[in-house]
Amino acid sequence: MCGIVGYSGPGNSVLPVIEGLSRLEYRGYDSAGICLKNDDELLILKKEGKLENLKAIIESGNYYSHTGIGHTRWATHGKVTSENAHPHGNSDFAVVHNGIIENAPALKAQLMKEGFEFKSETDSEVFLVLVTKFFKQTGDTLKAISLAYKQIHGNSAFVIIEKTSDKLYAVKRSAPLVAGVNPTTREAYVSSDPFALIGFAPDIYFPEDGVICMGESTPTEAKMSFFELDLTPSSRYKASTNLMTMDATSKGPYEHYMLKEIHEQPALIDKLAAYYIKNDGRHILDDLNGLKTDMWHFTACGTAWHAGLVIKNFFEQNNRQRANVEIASEFRYKNPILNKNEIGMFISQSGETADTLACQELCREQGIKTYSIVNVEGSTLFRNSDKNFLIHAGVEIGVASTKAFTLQVLTGYFMSKAMEGQLDNPALFNEVKLLSTRIAELCENAEKLISVAEKIYAQKGFIFTGRGKYFPIALEGALKLKEIAYVHAEGYAAGELKHGPIALIDENIVNIAIVGPELYEKTISNVEEVKARRGVIVVVGPENHPEIESIADIYIPLNFEGLNDLSPLYVNVVLQFIAYYIAKLKGTDIDKPRNLAKSVTVE
Ligand code: AGP
């Protein structure tokens, strides 16, 4: 979603702000802008479309300013136009915003009655106008920000600069915000993501909701101060060191980050196994030994929700513990039945997904424990959880989540084994090693799947099917394909096809059927039903099965032997490659597919 970067210091703000915005491009956006504070004005440059468009404007001038803010916008209120792009500003203040002001229409109507004018269709400009109004009344910027913040509803982060000083102000409610300082260079920063601050600000701070951050650079130091809304000093922030590295920003030999991230999986699987079975992660899992809870409430979105569906199988089948997996945006509004001896479990790559965070808050309010399977250490989810199970995937840049899914599921598997007291069983380590070896083989031979993609990419629609533990993989395979190739794809439980979706089948529809060794005959019967209706059949199934050869138009044979519960992860990598190669043939923007954001920080 929207990316924010702000700078104040002795250098030229244009450089770190534009570099920061470039690093946040992967999150998805549709316009970009920057505001540079000069002696006599707040200069705003903004443009719809790619950051390149803004960069071209900046390169054509000789811009220099000690204080600047930048923004990449993912439209929520108002069309994708240069006018609606951020920053929004007037002669006194400029503002960038990530989130939604839910009561913007009412506030805007009231402000217009009072004679204030608006230049854009955005909700964000309401905050600018509120700050301006309260500044006129109080003559104090901090007071004006506090009063404006109290008026707005919804989840948001704002960064504000003013004409009369070089200070950076920021405040948030349930939206990502990080402040940073570089003591050596005397620079102060703010951003929506610590990734933007790597190499710029080694000291970083995560403010809690309703804490106003004020960054400034003096001739002797860079300072970040924190205030409560009553403007007394605040200690409600977490200080940290930015340990992220820039390795992830390189695609290496790969054409896309998605492809690189698929190929990273074997090594990351091995690393995660070592971490949780033998190294630092072991004590975190040991705490789960013998744990029994009345119900696990999993909530997550998209791919992370699919990971929850796979993990549910582990907890139910292996641990005989009840697990309920729900889409976060549904769970939060359904008045869920939550009891004390239950655990809320949240799965999220970014740790910043608004709906997932809201579910966590709900569980905390109801007094139940909250555990998270999360990638980004220091994210809001991470900070608010009673226990975190990090997946150590490194930065995932491709909008289509690949390695995070694999490592989320694997982390859930280790948790299940820890509850059973099985972490020292050598079979576990061997099984995981077998998984990484098989996935490495798939990666080595991935180019074979190009010819599969070539045969099917022009078809009208795709139905992915699977039974049992492969059903969530059918859902995930379909999601991956639709998000990057922009084709209609659905995932179904194989046995459910005849209850409706089979009406769609004709020679224009491809059935990508996952046929595991379990329930083999029943699943093959489902494939036969599709074949009888002239559907194009792709079977991802166990090797050396001549009958699959005779039924399928395309047979992708796999060696399931010894993978047991982990075989869904193996199959899933095949589907990741198929989605990738189909998208490539269609010429889409694979790493930044249209309309999508990497981190969905609005509801
Ligand atoms: C996956 O390919 C998606 N882009 C999306 O479904 C994603 O998994 C979802 O938005 C959840 O994100 P999170 O893991 O960061 O919470």
Side-chain angles (χ1 to χ4, degrees), residues 2-11 13 16-17 19-21 23-24 67-71 95-99 141-142 145-146 149 155-161 165-218 220-246 350-352 357 374 376-385 388 395 599 601:
C2 304
I4 292 177
V5 188
Y7 169 96
S8 177
S13 62
V17 169
E19 169 60 23
L21 293 182
R23 292 187 198 169
L24 301 185
T67 305
I69 50 176
H71 187 267
V95 165
V96 288
H97 171 219
N98 172 25
T141 304
L142 279 171
I145 293 170
S146 166
Y149 179 86
N155 301 345
S156 288
F158 300 97
V159 178
I160 306 110
I161 55 173
S165 86
D166 278 307
K167 288 175 183 150
L168 277 178
Y169 301 90
V171 64
K172 65 112 184 171
R173 183 187 298 132
S174 298
L177 182 69
V178 57
V181 154
N182 187 328
T184 316
T185 57
R186 293 189 288 111
E187 293 168 321
Y189 292 88
V190 285
S191 179
S192 49
D193 188 336
F195 187 46
L197 304 188
I198 298 171
F200 292 123
D203 301 343
I204 53 175
Y205 307 91
F206 296 99
E208 291 184 19
D209 287 355
V211 173
I212 305 175
C213 316
M214 187 178 81
E216 59 190 314
S217 171
T218 72
T220 52
E221 60 174 349
K223 254 191 0 200
M224 192 58 68
S225 315
F226 301 91
F227 301 93
E228 294 295 335
L229 292 178
D230 62 6
L231 306 190
T232 54
S234 174
S235 54
R236 290 192 304 120
Y237 61 86
K238 187 175 167 246
S240 183
T241 304
N242 198 350
L243 296 172
M244 294 170 90
T245 65
M246 288 302 292
S350 61
E352 300 294 354
L357 291 177
V374 59
V376 180
E377 197 170 358
S379 59
T380 308
L381 187 65
F382 178 93
R383 294 198 309 279
N384 293 346
S385 295
N388 283 294
V395 180
S599 177
T601 52

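Not measured: the values here are computed from a predicted model.
Heavy-atom minimum distance, S8 versus T67: OG-OG1, 3.6 Å. Minimum heavy-atom separation, S379 to G351: OG-CA, 3.5 Å. V171 approaches I145 most closely through the heavy-atom pair CG1-CG2, 4.1 Å. The heavy-atom pair separating A188 from A222 by the smallest distance is N-CB, 4.3 Å. In terms of heavy atoms, F382 sits closest to V374 at CD1-CG1, 4.1 Å. Closest approach of K172 to E208, counting heavy atoms only: CE-C, 3.9 Å.
Taking the six-membered ring where tryptophan is involved, the planes of F158 and H97 are essentially parallel, since the angle between them stays under 30° and well short of 60°. The aromatic rings of Y237 and F226 sit parallel to each other, their planes meeting at less than 30°, with 60° as the upper class boundary.
Counting only heavy atoms from C-beta outward, the side chains of D193 and P176 never approach each other to under 4.5 Å. Residues M214 and F227 have side chains in contact (heavy-atom distance under 4.5 Å, counting atoms from C-beta outward). Side-chain contact between P207 and R236 is absent, with no heavy atoms from C-beta onward closer than 4.5 Å. Side chains of C2 and S192 form no contact here, defined as non-hydrogen atoms less than 4.5 Å apart. Two residues are said to be in side-chain contact when any heavy atoms from C-beta on lie closer than 4.5 Å; D209 and Y149 meet this criterion. Between L357 and E352, some side-chain heavy-atom pair lies under the 4.5 Å cut-off. Looking at Y205 and C213, their side chains never come closer than 4.5 Å, going by heavy atoms from C-beta outward.
For the atom pair CZ of R383 and OG of S240, the computed distance is 9.5 Å after rounding to the nearest 0.5 Å. With values rounded to the nearest 0.5 angstrom, D203 atom CG is found 10.5 Å from M224 atom CE. In this structure, S217 OG and Y7 OH are separated by 7.0 Å, a value rounded to the nearest 0.5 Å. Rounding to the nearest 0.5 Å places CG of L142 at 11.5 Å from CG of D230. Between the OG atom in S350 and the CG atom in L381 there is a gap of 8.0 Å [rounded to 0.5 Å]. Atom CG in L177 sits 9.5 Å away from atom OG1 in T380 (nearest 0.5 Å).
The backbone N or O of A157 lies less than 3.5 Å from no partner atom in the side chain of N98, so there is not a single donor-acceptor pair. With hydrogens and angles ignored, the 3.5 Å screen pairs a side-chain donor or acceptor of R186 with a backbone N or O of T218.
Screening V159, L24, V96, V95 for a side-chain contact (heavy atoms from CB on, under 4.5 Å) involving H71 leaves a single residue, V96. Screening I161, V5, I4 for a side-chain contact (heavy atoms from CB on, under 4.5 Å) with I69, the sole residue that qualifies is I161.
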| field | Criterion side chain to side chain contact (heavy atoms under 4.5 Å, CB included) on I198 and R23, from CA distance to verdict | value | CA-CA 10 Å; I198 298 171; R23 292 187 198 169; 3.5 Å; yes
| request: Decide yes or no on side-chain hydrogen bond (donor to acceptor under 3.5 Å, both in side chains) for S234 and E228, but give the supporting numbers first. | output: CA-CA 5 Å; S234 174; E228 294 295 335; 2.7 Å; yes
